[in-house]
Amino acid sequence: MKSCLDSLIDLQRQYREKLVALSQKNGLTIAEWQLLLKIVEGASTQEKLAKLTQLNVSTLSRQLAKLLSKEFVVKESQENEQGRRFFAYTSTFSGLDAIAAMKKDIAQYSEQLFSHWSEEEQNLLQILLNRLSKSMERV
């Protein structure tokens, strides 16, 4: 029988494979999807995005360039109160559609995944996962 940690590794791999398939279906990579989601949620500058994503500047720039080339975001030059110029990124309608489609696909996947689970079983799983997360933070 597998250990709990081995099972978690297997589950993580399976979930990642599903996310890769869903993101590809919507014209994104997982990293692009996560970045686009942050932009849609209001993080518009490279500085804010770098803090939120914890990506280095070159990786972030590369991912933003891919989102620009796919026309999921637009880049606008702006100026702050001190007259310093910066770029702000906003989602296009295509970007918003991709995020909405991803949310719908993930909700459908979750519904299918837990369709045979009672609400009590789902709540118990959530409690155990929260407990495991807290244990991992302490170790």
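A 4.5 Å side-chain heavy-atom check between L64 and L49 finds at least one atom pair inside the cut-off. For the pair Q34/T53, no side-chain contact is recorded, criterion being any heavy-atom separation below 4.5 Å from C-beta on. Contact check for Q46 versus S61: side-chain heavy atoms found under the 4.5 Å cut-off. When side chains are defined from C-beta on, L125 counts as touching W117, because their heavy atoms get closer than 4.5 Å.
In terms of heavy atoms, H116 sits closest to E121 at O-OE1, 4.0 Å. Minimum heavy-atom separation, L52 to A43: CD1-CB, 3.4 Å.
Under the 4.5 Å side-chain heavy-atom criterion for grouping Ile, Leu, Val, Met, Phe, Trp and Tyr, V74 is not connected to W33 through any hydrophobic cluster. Residue V57 is not grouped with residue V73 when hydrophobic side chains (ILVMFWY) are merged at heavy-atom distances under 4.5 angstrom, including chains of intermediate members.
Put simply, CG on L60 and OH on Y89 are 7.5 Å apart, with the number rounded to the nearest 0.5 Å. To the nearest 0.5 Å, the span separating CD on Q24 from OG1 on T29 amounts to 9.0 Å. The structure places CD of E32 at 10.5 Å from CD1 of I39, a figure rounded to the nearest 0.5 Å. Rounding to the nearest 0.5 angstrom, the gap separating the NZ atom in K51 from the OG1 atom in T45 is 8.5 Å.
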List the atom pairs, donor and acceptor, that lie under 3.5 Å between side-chain atoms in residues 127-139 and the rest of the protein, sequence neighbours left out.
| from | atom 1 | to | atom 2 | distance (Å) |
| --- | --- | --- | --- | --- |
| N130 | OD1 | Q126 | NE2 | 3.0 |
| N130 | ND2 | Q126 | O | 3.3 |
| S135 | OG | R131 | O | 3.2 |
| R138 | NE | K134 | O | 3.4 |

Output a table of donor-acceptor pairs, distance under 3.5 Å, between side-chain atoms of residues 94-114 and any protein atom two or more places apart or on a different chain; print 'none' if there are none.
| from | atom 1 | to | atom 2 | distance (Å) |
| --- | --- | --- | --- | --- |
| D105 | OD1 | K25 | NZ | 3.2 |
| D105 | OD2 | K25 | NZ | 3.2 |
| D105 | OD2 | N26 | ND2 | 3.0 |

Show me the donor-acceptor pairs, under 3.5 Å and distance only, between side chains in residues 8-21 and residues at least two apart or in other chains.
| from | atom 1 | to | atom 2 | distance (Å) |
| --- | --- | --- | --- | --- |
| D10 | OD2 | K2 | NZ | 2.2 |
| R13 | NH1 | E17 | OE2 | 3.1 |

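In this structure, the side-chain contact (heavy atoms from CB on, under 4.5 Å) partners of R85, at least two apart in sequence or on a different chain, are S77, E79. Qualifying side-chain contact (heavy atoms from CB on, under 4.5 Å) partners for A88, counting only residues two or more places apart in sequence or in other chains: S44, Q78, F86. Listed by chain and number, the residues in a side-chain contact (heavy atoms from CB on, under 4.5 Å) with E71 amount to none (sequence neighbours excluded).
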**OP:** Could you go through the side-chain contact (heavy atoms from CB on, under 4.5 Å) check for L67 and Q63 one step at a time?
**Re:** CA-CA 6 Å; L67 288 174; Q63 289 179 357; 5.8 Å; no
Original post:
Are F72 and L28 close enough, and set up right, to give a side-chain contact (heavy atoms from CB on, under 4.5 Å), and what steps lead you there?
Top reply: CA-CA 9 Å; F72 286 133; L28 296 162; 3.5 Å; yes
